[in-house]
Protein chains: 2
Amino acid sequence: MILNDTIVALATPSGAGAIAVIRVSGPQAIEIVAPLFISKTNKNLREQATHTLHLGNIVDGARIIDEVLVSIFHGPKSYTGEHTIEISCHGSQFIQQEIIQLLIRKGSRSAEAGEFTLRAFLNGKMDLSQAEAVADLISSENAASHQIAMQQMRGGFSNEIQKLRQELLNFASLIELELDFAEEDVEFANRDEFQKLVTRIQQVLKKLIDSFAVGNVLKNGIPVAIVGEPNVGKSTLLNALLNEERAIVSDIAGTTRDSIEDEISIGGIGFRFIDTAGIRETQDVIEGLGIKKTFEKISQAQVVIYLISADKFNPDASGQNSEFQVEIAKIRNQFPQKPLLVIINKVDTLDSAAQEKLKKDLENISSGVESAQYLFLSAKTGLGVEEMQQKLLQFVNTGELRNNNTIVTNSRHYNALLSALEEINKVQQGLNDNLSGDLMAIDIRQALYHFGEITGEITNDDLLGNIFANFCIGK
Amino acid sequence: MILNDTIVALATPSGAGAIAVIRVSGPQAIEIVAPLFISKTNKNLREQATHTLHLGNIVDGARIIDEVLVSIFHGPKSYTGEHTIEISCHGSQFIQQEIIQLLIRKGSRSAEAGEFTLRAFLNGKMDLSQAEAVADLISSENAASHQIAMQQMRGGFSNEIQKLRQELLNFASLIELELDFAEEDVEFANRDEFQKLVTRIQQVLKKLIDSFAVGNVLKNGIPVAIVGEPNVGKSTLLNALLNEERAIVSDIAGTTRDSIEDEISIGGIGFRFIDTAGIRETQDVIEGLGIKKTFEKISQAQVVIYLISADKFNPDASGQNSEFQVEIAKIRNQFPQKPLLVIINKVDTLDSAAQEKLKKDLENISSGVESAQYLFLSAKTGLGVEEMQQKLLQFVNTGELRNNNTIVTNSRHYNALLSALEEINKVQQGLNDNLSGDLMAIDIRQALYHFGEITGEITNDDLLGNIFANFCIGK
């Protein structure tokens, strides 16, 4: 970890825009930028107060590269904790590159991914779980993942861990102190108090570990498998779901997506739609493989939507639609616990008499299919779309989110918490068995180690390398 | 033109990045942001000095949207001349939208394209040609277009126009004054001096008008037609040309392009490559149409590259390659004046004996083809690529650029300059014919009008609408 050089990177998204921001951080940041910046009022950048803004030109010798606005931050009062300059230039890619190349020629180094935040961590501006939350915050695409990342970045999670760690550390010290007085057989650490703490730690760890199931799904989006043939209106349905949210943001720049994406935010929760083919009875080997794949996808999903088109719903003489029933039954057999929502799309293509008949037919048929919900819908007219969104939200446990509980979303934290719990359970066992202090101290130290992994007291270059490689450059 | 409301827009490119900047400008900018911003040090934004930076949270009631850095600019000391707040937030698209929507709910309006710069113009922070240069600067992709836009933004062009306009205005006033004393037959305006000024204006206008031919091409890229079949190595050649520049910027974020683009910057000048099919002799109607299209493309180009593959160059027994000769001759017949560069690609596929023979063959053949230049090249090994770049640069008149002359690139300016020259020529005619002052004054006023169009003294809502519609939102 080299901290004595000065790094530079584009901090805003790549591409052309009104403005772009280039960030320079390190001991020489001000020294490197000052000679390249001609202030409009002849101010010397070296003499300016922290947290001030200055208009001027970035020059390369006699050549003016751009008229820019320079922000100056004196370490440690900056994001990284080092001297930092932010250059706000015109958003031409050519200008961005010219300025970055100039800064590199004058002694800066091109920053690695996440290196600004790594420096913030190394300089004690934030702990490791907070640094990780910065990346989560930037990639947050909906209210749920945003809330979780924001809470983690503000230290909600690490505060809880830090507090437990401190208490455990106190007991560890007392127990280790006992070892120094082994001959005297004293107990500095009150075993009842210690038992209470261990129980409390077990409870907190279990709660955090359990929250990962929710957190992981909220962070990555709830997987929803849509079973149905291409012509039943899958993409129109996704569009209809998407438009509900898009309407709000339509007049804001940069929010338009070129194509329908698989992830759609409903009520602030991300849903990841997984397209599957139908699962019709077949003798065909290739189609058989398709069915196998569909079942694989359904097994990964948390919710299954079975989509049929109203105009293709043709019950036979006995009022049964065997094909439809067979498919639903198959899904139910394979995944008896998975929430299943049957959507009859394109109801707008039927007149009211036909709709009535369809409802009757469905009632007859569905009596044979357990625990599936039915919904009439027209992706075209929007009928039933809101109801579908409400049903999808019902499948998600948002209680933890609503109550602003700490939610674990990071698998690294999850693994550390599991390891910590394992060690704490050993300590509990030791207490039950009246284990000697020296053996117990080892398990406690092990638990402390795993706590420290989360917040970054315990770390190594490989771990940091892995974590910050997932950041974007410029952060 | 409404200026009494407060506008908001994302100023950085859309998409996710380390940070994003949201700009708020207008009389209420500080009033709108202040209640939404909780400073880390409990500072009230309303009481902060201009050009200062503040760390804190953007909140919507009790909910924290993001930890941000706020820049504050008091009008008229801002880009727009109005109170301006810039919010530097984490670069998540979700956060960007949440903050913009919050600001809109609290009384801002979503900014139109270019509205910040329009306000800067209307508030007298820059003239119209400078405002137009801002858009050119943002879209500049190479050193040439950057230099021209930068010069124009710094007022090089409008200063020249302003100065002439002022001198002409003085004479106009004197001549109009004469009209008030018409009975007394006085001449306040010295006709010799006036003749000198008219001559000078004619010279300057002609020079500026002439520069448009260069300027337009430098701004939009030099069109180069590549004639050759797909398998002669066109895309490898473009790649090789592109890589020369890419190598420099390869380690900088955001500079990687996913596909080879048609515009390539060589020595700071943009070249726009136009792919064409071959022009072989054919009886086929469809292929005949293809040839017609190729000729159309060649006619639009400023330089023609004829690309052949060394391994397909097979002169017949007489040492002639008739097909090749016929094609070159056709291009020459059709476009006798157009620079033609014949490139023999894939020379790496030949051994040295074969290369020697090829050279001899070519000498024989080329003696019959006038004014074409020949170049041996291997796009694969890079042999000849630099020489090709040098040759391409020779076709461009960069003298004006090197001498830092004022270059007109904007067709609106070009048309206004043409109209101004037309009027000035009428004034000249009037002087020659000893035209009466009242008639001459009309032509002078007309010329002044066209000068004013360029700098924006003369304008209207339609014109401004057209100009700023080409800007990006947030500028």
Side-chain angles (χ1 to χ4, degrees), chain A residues 9-21 23 51-55 64-67 69 71 73 79 86 88 90-98 100-101 104 110 116 134 137-143 145-147 150 153-154 248-249 251-255 265 471-475, chain B residues 9-21 23 51-55 63-67 69 71 73 79 86 88 90-98 100-101 104 110 116 134 137-143 145-146 150 153-154 248-249 251-255 265 471-475:
Chain A
L10 180 69
T12 43
S14 64
I19 63 168
V21 177
R23 188 181 268 175
H51 289 67
T52 55
L53 287 149
H54 307 276
L55 184 67
I64 297 172
I65 297 184
D66 197 12
E67 188 174 299
L69 203 61
S71 307
F73 304 88
Y79 179 72
E86 286 185 3
S88 177
H90 285 92
S92 137
Q93 284 186 288
F94 176 79
I95 290 174
Q96 293 165 22
Q97 287 173 33
E98 289 284 304
I100 290 173
Q101 286 176 32
I104 290 173
S110 198
F116 294 95
V134 171
L137 196 63
I138 288 172
S139 65
S140 69
E141 286 183 347
N142 56 55
S145 55
H146 168 253
Q147 183 184 327
M150 198 67 209
M153 202 188 73
R154 304 193 65 230
I248 307 169
V249 298
D251 61 341
I252 294 166
T255 63
S265 168
F471 275 61
C472 54
I473 287 175
K475 192 67 215 181
Chain B
L10 180 69
T12 44
S14 66
I19 63 168
V21 178
R23 187 181 269 174
H51 289 65
T52 54
L53 287 150
H54 308 277
L55 183 66
R63 180 170 159 251
I64 297 172
I65 298 183
D66 197 10
E67 187 173 299
L69 204 60
S71 307
F73 305 89
Y79 179 73
E86 285 183 4
S88 177
H90 285 91
S92 136
Q93 285 186 286
F94 176 78
I95 290 174
Q96 294 166 21
Q97 286 173 34
E98 289 284 305
I100 291 173
Q101 285 175 31
I104 290 173
S110 198
F116 293 95
V134 171
L137 195 63
I138 288 172
S139 64
S140 68
E141 286 183 347
N142 55 56
S145 54
H146 169 252
M150 198 69 206
M153 202 188 72
R154 303 192 65 230
I248 307 169
V249 296
D251 61 344
I252 293 166
T255 62
S265 168
F471 275 62
C472 54
I473 287 176
K475 193 66 215 181

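Each chain gets a letter, A, B and so on, in the order the sequences are listed, and its residues count up from 1. All values below come from the heavy atoms of this structure, side chains included, with hydrogens, waters and symmetry mates left out.
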Worksheet entry | Derivation of the side chain to side chain contact (heavy atoms under 4.5 Å, CB included) call for B/Glu67 and A/Leu137 | CA-CA 10 Å; B/Glu67 187 173 299; A/Leu137 196 63; over 6 Å; no
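Contact of A/Ala9 with chain B is not made at all, since no heavy-atom distance falls under 4.5 Å. Proximity to chain B is limited to the side chain of A/Ile95, based on heavy atoms less than 4.5 angstrom apart. Using a 4.5 Å cut-off between heavy atoms, B/Ile138 contacts chain A through both its backbone and its side chain.
The two residues A/Met150 and B/Ile64 have their closest heavy-atom pair at CE-CG2, 3.5 Å. Summarising the geometry of A/Gly15 relative to B/Pro13, their closest heavy-atom pair is O-CG, 3.4 Å, with the distance given to 0.1 Å. Residues B/Ser92 and A/Ser140 come closest through the heavy atom pair OG-O, 3.0 Å.
Within the 4.5 Å cutoff, the side chain of B/Lys475 has heavy atoms near those of the A/His90 side chain. In this structure, the side chains of A/Leu53 and B/Thr52 stay at 4.5 Å or more apart for every pair of heavy atoms. Annotation: side chain of B/Phe73 is in contact with side chain of A/Leu69 (closest heavy-atom distance under 4.5 Å). Between B/His146 and A/Glu98, the closest side-chain pair of non-hydrogen atoms is not below 4.5 Å.
Interface check for chain A: of the options B/Ala18, B/Cys472, B/Gly474, the most heavy-atom pairs under 4.5 Å are formed by B/Ala18. Top candidate by heavy-atom pairs under 4.5 Å with chain A, chosen from B/Val21, B/Ile65, B/Leu55, B/Val134, is B/Ile65.
Atom OG of A/Ser71 is separated from atom CD of B/Glu86 by 8.5 Å, given to the nearest 0.5 angstrom. Separation of atoms NE2 (A/His51) and NE2 (B/His54) is listed at 8.5 Å; rounding is to 0.5 Å.
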